[in-house]
Amino acid sequence: MSEETKSLNFIEHIIEEDLANGLSKDKLRFRFPPEPNGYLHIGHTKAIGISFGLGETYGAPVNLRFDDTNPAKEEQEYVDAIKRDIAWLGYKWENELYSSDYFQKLYDWAIQMIKDGKAYVDSQSSEVIAKQKGTPTQVGTNGPYRNRSVEENLDLFQGMKAGEFPAGTHILRAKIDMEDPNMLMRDPMMYRIMYANHHRTGDEWCIYPMYDWTHGESDYLEQISHSLCSLEFKPHRKLYDWFKEHVYAYSKDKLPLPPKQREFARLNLSYTIMSKRKLLRLVEDGVVTGWDDPRMPTISGLRRRGYTPNSIRQFIEKVGVAKRENVIDVSLLEFCIREDLNKSANRVMAVLDPIKVVITNYPEDKEEWLEAENNQEDDSAGFRKVPFSREIYIEKEDFKEEAGNKFFRLKLGGEVRLKNAYIIKANSVVKDDKGEVTEIHCTYDEDTSKKVKGTLHWVSIRHAISVEVREYDRLFSHEAPDSNKEKSFMEFINPNSLKVRTGYLEPSLAEVKVGEQFQFQRLGYFNVDDDSKPDALVFNKTVGLRDSWAKQKPKPQNNNQNKNKQQSQQQRSAISVIQQFGKKYTNLPEEKQLKVKADIQELSKSVSYDELEPLFGTAVKKAGTRIAVMISLKILLKNGLERNNTINEFIEKALEDKNEILVTEASEI
RNA sequence: UGGCCUAUGGUGUAACUGGCAACACAUUGGUUUUUGGUACCAAAGAGUCUAGGUUCGAUCCCUAGUGGGCCAACCA
């Protein structure tokens with residue numbers, strides 16, 4: 001019944017199955033539950049994209065729930081930032097909720113658990129409790145307070161709530177099984193005493209529920225049908241379900257739907273870190289200017305850098321959803337932003353590393369305003385005028401006194417087109433006393449119909465506006481900066497991740513506003529930074545253009561890779577390839593079978609009898625493999641191998657087989 | 001007494017109920033081009049971790065290995 005074979009991910013399969021088993025579609029409900037202890041980053045967009053995306057595809061509500069059970073780390077600033085980021089991505093939540101909304105309900109349920117003998121107050125120190133928990137390979141042991149009476153537990157727990165005890169003196173634990181192989185089931189903590197001001201509940205509470213006790217119950221209260229989280233919560237599922245069963249028993253009538261937790265692999269990006277704690281460190285240590293530094297993988301950083309909501313959503317879609325650990329290459333993200341901006345960003349001319357060009361046959365006092373197309377990808381984008389005059393800037397990189405004919409740019413005696421203007425020819429250069437070229441003297445030709453290889457961008461010096469341009473490189477020089485066991489991620493920080501310089505722009509950009517995006521032709525996509533002021537513009541480089549010219553130069557790495565590939569291919573022995581072919585053989589259509597047969601025959605030339613013989617013993621069932629062996633054997637015999645008993649036996653056995661192909665092959669010997 | 005996940009080209013994700021392993025990025029060519037961009041065309045790249053088993057037939061189901069990941073915060 002589903003639409004045209006658009007393949008589903010494993011979560012969608014689960015939902016489809018639940019729907020098929022009678023879950024009503026209007027019961028579907030999802031949630032995104034960030035802890036307001038930091039800014040959202042690109043990793044979160046995967047979780048956001050999954051839950052909100054599911055909401056969109058099924059027309060189901062998605063709650064935004066702040067998991068605010070640890071007042072020591074959480075702040076209103078983060079709540080605001082998170083809301084802003086999700087809204088910016090273009091997602092709409094059904095309700096804005098807080099785990100702290102449920103503190104009373106959770107407390108009431110905890111009281112019931114105590115009354116049922118399912119929870120108890122432990123009064124040992126955290127060190128002792130940790131010791132009793134055992135290790136993953138060693139069972140835990142029961143503590144001395146495990147069998148306190150219900151009355152005593154009740155009294156103590158109410159005292160905890162009333163603020164009668166100092167922090168750390170008592171905790172409430174669920175009474176499950178200290179010997180469970182899953183450590184989370186070894187009497188997990190439900191409440192701790194904490195005298196901290198909560199950003200929403202203030203000083204109302206001095207006991208705060210732990211994640212495990214809060215999360216599933218919040219899902220349940222909101223009647224979330226599918227609670228999606230990342231893989232590291234898989235071990236928590238057993239506990240999630242244990243708690244769920246108890247509260248379900250208490251409130252089944254009012255809250256009929258028990259939620260389901262399912263886990264997916266989180267997103268990892270090469271050359272970046274994804275831990276809020278570590279990102280906070282970068283901010284606090286001043287490595288970056290803030291959570292929204294354009295080098296940060298935070299949503300606000302990406303936004304400031306010039307990434308669009310659409311590009312990020314595209315990225316998340318392309319990344320997919322599964323359960324295995326993954327590292328996504330940043331090039332995919334870059335592809336997505338280029339693809340988006342290519343369609344939407346107007347083209348302009350800017351020179352970032354200037355060298356002066358004097359057009360000697362152009363009158364000194366003359367200027368012309370030439371027409372330039374804003375965006376050839378967008379017919380509605382229109383045209384603008386750019387000024388041309390005798391003295392212009394081009395990029396230093398675009399000129400060489402001498403160069404081979406693979407260099408399409410300007411060289412002495414060579415011609416090149418100035419984008420939107422004339423064709424110029426370089427005649428001579430002016431050098432300073434160090435021998436550096438300071439000026440290039442050219443003549444121009446009004447005939448623009450001529451074919452020339454290169455087209456350069458440029459700006460008229462007299463008309464250009466100068467601005468600050470910030471170019472970024474990756475923040476870390478290591479592919480996986482936080483995976484090294486000995487070195488801290490801080491040691492891999494790229495000291496040259498920010499490069500600031502002055503750029504010269506065509507005057508049409510004089511009035512730009514913060515956030516506007518452009519393609520600086522031949523250079524990349526740039527946007528106007530938040531720091532920008534009308535008289536002191538600041539641009540960020542979002543991403544460069546694909547540059548197949550730059551790639552031509554150095555590539556030692558590729559060679560290495562190729563070598564490795566070739567080696568591993570060579571190492572794969574002919575016999576194992578034949579075996580592989582055999583596995584599939586009987587399954588192939590006739591045409592392909594012939595081809596594979598030819599391949600096997602070819603490969604057999606480099607197979608020795610000693611390699612082949614062990615395969616004679618292949619199980620009778622594996623007809624394909626035996627056929628492949630038979631084909632191979634035929635070649636060996638043809639090439640002078642002498643028959644022996646083992647061979648004869650193998651052939652005879654094959655002749656009696658029920659597989660016709662095998663019989664045919666055997667009888668041909 | 002350890003438990004639970006997981007394994008498909010360089011990367012990521014598919015392959016529906018077992019039936020010729022597909023798509024995207026990256027790579028390499030080519031065509032077009034007033035961006036060495038875009039667009040278009042093409043090529044190359046895995047035979048699905050290993051060993052068994054079930055089956056006419058296994059990436060898919062079963063068993064056992066091996067590799068990787070997660071779990072021992074009064075964090076979430």
Side-chain angles (χ1 to χ4, degrees), chain A residues 2 5 7-9 13 33-35 37 67 69-70 72-73 125-126 129-131 133-140 167-168 170-171 179-184 186 189 191-194 208 210-212 214-215 231-238 263 265 270 276-277 318-329 331-332 334-336 338-339 342-343 347 349 373 376-377 406 408-409 417-421 423 448 452-457 519-524 545-552 558 561 565 577 580-581 583-589 591-592 619 621 623-624 658-659:
Chain A
S2 60
T5 52
S7 66
L8 306 176
N9 65 45
H13 277 296
E35 182 189 9
N37 68 340
D67 219 344
T69 58
N70 184 4
K73 287 187 178 174
S125 72
S126 59
I129 290 173
K131 214 165 201 177
K133 269 208 169 160
T135 69
T137 53
Q138 238 176 324
V139 296
H170 303 283
I171 58 165
E179 298 190 1
D180 197 291
N182 181 337
M183 292 206 56
L184 286 153
R186 324 239 258 232
M189 196 173 303
Y191 278 95
R192 78 282 211 187
I193 300 171
M194 218 175 172
Y208 288 93
M210 304 292 290
Y211 166 85
D212 286 296
T214 311
H215 200 95
L231 235 40
E232 71 264 30
F233 289 100
K234 177 68 227 279
H236 293 250
R237 186 148 116 196
K238 196 172 175 189
E263 310 82 12
S270 61
K276 276 196 232 175
R277 210 190 76 238
K318 284 188 173 12
V319 157
V321 183
K323 281 165 92 164
R324 67 168 155 159
E325 300 290 328
N326 59 79
V327 180
I328 312 287
D329 201 295
S331 64
L332 185 61
E334 292 179 348
F335 166 80
C336 291
R338 284 194 192 108
E339 190 184 41
N342 177 49
K343 283 178 242 145
R347 274 61 171 167
M349 292 196 288
E373 190 174 13
Q376 49 276 74
E377 305 289 322
K406 283 187 93 179
F408 302 163
R409 308 173 184 190
R417 182 188 303 278
L418 293 176
K419 178 85 186 168
N420 305 314
I423 289 173
T448 60
V452 289
K453 269 275 178 121
T455 301
L456 306 186
H457 62 277
Q519 183 194 100
F520 290 1
Q521 262 174 133
R522 303 211 301 135
L523 296 176
L545 259 25
R546 257 187 87 215
D547 189 351
S548 49
W549 166 244
K551 281 175 197 155
Q552 298 219 344
N558 270 350
Q561 264 180 8
K565 228 182 266 173
V577 176
Q580 195 68 51
F581 278 144
K583 276 189 189 176
K584 285 251 167 179
Y585 198 85
T586 56
N587 242 355
L588 299 175
E591 200 181 306
K592 200 148 182 177
K621 291 278 165 66
K658 56 185 170 181
N659 185 302

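What's counted below: heavy atoms across the whole structure, side chains too, no hydrogens, waters or symmetry copies. Each chain gets a letter, A, B and so on, in the order its sequence line appears, and its residues count up from 1.
Side-chain proximity of A:Pro235 to the nucleotides B:rC71, B:rG36, B:rG2 is greatest for B:rC71. Of the listed nucleotides (B:rA24, B:rC5, B:rA26), B:rA26 has the atom at the smallest distance from the side chain of A:Ser331. For A:Pro136, counting side-chain heavy atoms from C-beta on, the closest listed nucleotide (B:rC70, B:rG2, B:rG12) is B:rG2. In the set B:rA72, B:rG12, B:rC75, B:rC75 carries the atom at the smallest distance from any side-chain atom of A:Met194. Checking B:rA72, B:rC74, B:rC70 against the side-chain heavy atoms of A:Thr135 singles out B:rA72 as nearest. Of the candidates B:rU13, B:rG2, B:rG37, the closest approach to any side-chain atom of A:Glu377 belongs to B:rG37.
Separation of atoms CZ (A:Arg338) and CD (A:Gln519) is listed at 11.0 Å; rounding is to 0.5 Å. Atom CG of A:Leu545 and atom CG of A:Asn342 lie 8.0 Å apart (nearest 0.5 Å). One distance of note links OH of A:Tyr191 with OG1 of A:Thr214; it measures 7.0 Å at 0.5 Å rounding. For the atom pair A:Leu456 CG and A:Lys419 NZ, the distance stands at 11.5 Å (nearest 0.5 Å).
Annotation: of the two residues near RNA chain B, A:Lys73 and A:Lys419, the 5′-most nearest-nucleotide partner is A:Lys419. Judged by closest nucleotide on RNA chain B, A:Asn342 is the one of A:Asn342 and A:Gly168 placed further toward the 5' end.
Within the nucleic acid shown, A:Thr69 comes within 4.0 Å of sugar-phosphate atoms alone, with no base atom in reach, counting heavy atoms only. Counting non-hydrogen atoms under 4.0 angstrom, A:Tyr191 reaches nothing in the nucleic acid. Using a 4.0 Å heavy-atom distance criterion, A:Arg277 is classed as making no nucleic acid contact. Base contact: A:Leu545 has a heavy atom under 4.0 Å from a base atom. Contacts of A:Asp212 with the nucleic acid, taken as non-hydrogen atoms under 4.0 Å apart, are absent. Base contact: A:Asp180 has a heavy atom under 4.0 Å from a base atom. A:Asn182 comes within 4.0 angstrom of no nucleic acid atom, judged by non-hydrogen atoms across all strands. As judged by a 4.0 angstrom heavy-atom cut-off over every strand, A:Val452 is placed among residues making no nucleic acid contact. The residue A:Arg417 sits close to a base: some heavy atom pair falls under 4.0 Å. Counting any heavy atom pair closer than 4.0 Å across all strands shown, A:Phe408 reaches a base atom. Looking at heavy-atom distances under 4.0 Å, A:Ile171 makes contact with a base. Nucleic acid contact class of A:Ser126 (heavy atoms, under 4.0 Å, all strands): base. Contact annotation for A:Val319: backbone-only contact, meaning every heavy-atom pair under 4.0 Å involves sugar-phosphate atoms and none involves a base. Heavy atoms of A:Glu35 sit under 4.0 angstrom from primed sugar atoms or phosphate atoms, though from no base atom.
The side chain of A:Lys323 contributes an N or O atom lying less than 4.0 Å from OP1 or OP2 of B:rU6. Between A:Arg546 and B:rG36 there is no side-chain N or O to OP1 or OP2 distance below 4.0 Å. The side chain of A:Thr455 places no N or O atom within less than 4.0 Å of a non-bridging phosphate oxygen (OP1 or OP2) of B:rU33. Here A:His13 reaches the OP1 or OP2 of B:rA15: one of its side-chain N or O atoms lies under 4.0 Å away. The phosphate of B:rU38 (OP1 or OP2) has no side-chain N or O of A:Arg522 nearer than 4.0 angstrom. The phosphate of B:rG37 (OP1 or OP2) has a side-chain N or O of A:Ser548 nearer than 4.0 angstrom. The side chain of A:Arg338 places no N or O atom within less than 4.0 Å of a non-bridging phosphate oxygen (OP1 or OP2) of B:rU38.
Taking 3.5 Å as the limit, the base of B:rG37 and the side chain of A:Gln376 contain no donor-acceptor pair of atoms between them. Judged by distance alone with a 3.5 Å cut-off, a donor-acceptor contact links the side chain of A:Gln519 to the base of B:rU35. The base of B:rG36 sits within donor-acceptor range of the side chain of A:Arg409, with an N or O pair under 3.5 Å.
Its glycosidic angle being within 90° of 0, B:rG47 falls on the syn side.
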Report the C-alpha distance between A:Thr69 and A:His215 in whole Å, list the side-chain angles of each, state the deciding distance to 0.1 Å, and finish with yes or no for side-chain contact (heavy atoms from CB on, under 4.5 Å).
CA-CA 10 Å; A:Thr69 58; A:His215 200 95; over 6 Å; no
Pair A:Ile171, A:Met210 - check side-chain contact (heavy atoms from CB on, under 4.5 Å), show working.
CA-CA 11 Å; A:Ile171 58 165; A:Met210 304 292 290; over 6 Å; no
Applying side-chain contact (heavy atoms from CB on, under 4.5 Å), run through A:Leu184 and A:Lys238 and close with a yes or a no.
CA-CA 8 Å; A:Leu184 286 153; A:Lys238 196 172 175 189; over 6 Å; no
Could you please spell out the steps behind the side-chain contact (heavy atoms from CB on, under 4.5 Å) verdict for A:Ile328 and A:Lys318?
CA-CA 10 Å; A:Ile328 312 287; A:Lys318 284 188 173 12; over 6 Å; no
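Comparing B:rC20 with B:rA15, their C1' atoms sit 12 Å apart, to the nearest whole Å. One C1' atom belongs to B:rA21, the other to B:rG45, and the distance between them is 14 Å to the nearest Å. Separation of the P atoms belonging to B:rA22 and B:rG47 is 14 Å when rounded to the nearest angstrom. With both ends at atom P, the span from B:rC4 to B:rC74 equals 25 Å, rounded to whole Å. For B:rG65 and B:rU59, the P atoms lie 23 Å apart once the distance is rounded to whole Å. As rounded to the nearest Å, B:rA7 and B:rC60 have C1' atoms that lie 14 Å from one another. Using atom C1' as the reference point in both B:rG19 and B:rU48, the two lie 16 Å apart (nearest Å). The separation of B:rC25 from B:rG37, taken at their P atoms, amounts to 16 Å, rounded to a whole angstrom.
Side-chain atoms of A:Asn182 come within 3.5 Å of backbone N or O of A:Pro235 as a donor-acceptor pair.
The two residues A:Ala265 and A:Lys323 have their closest heavy-atom pair at CB-C, 3.9 Å. The minimum heavy-atom distance between A:Val327 and A:Ser270, with the atom names listed, is CG1-N, 3.8 Å.
Using a 4.0 Å cut-off between a side-chain N of Lys or Arg and a carboxylate O of Asp or Glu, A:Arg237 and A:Glu263 qualify as a salt bridge.
Test A:Gln376, A:Arg522, A:His457 against A:Arg347 for side-chain contact (heavy atoms from CB on, under 4.5 Å) and you get one pass: A:Gln376.
For the strand RNA chain B, secondary-structure stems (runs of at least three Watson-Crick or G-U pairs, all distances below 3.5 Å) span B:2-7 with B:66-71, B:10-13 with B:22-25, B:27-31 with B:39-43, B:49-53 with B:61-65.
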I'd like a table of atom pairs between the protein and nucleotides 66-69 of chain B - only N or O on both sides, under 3.5 Å - with the distance next to each one.
residue	atom	partner	partner atom	Å
B:rG69	O2'	A:Glu325	OE2	3.0

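Residue A:Lys343 qualifies as enclosed at atom NZ: its count of foreign heavy atoms under 6.0 Å is above 12.
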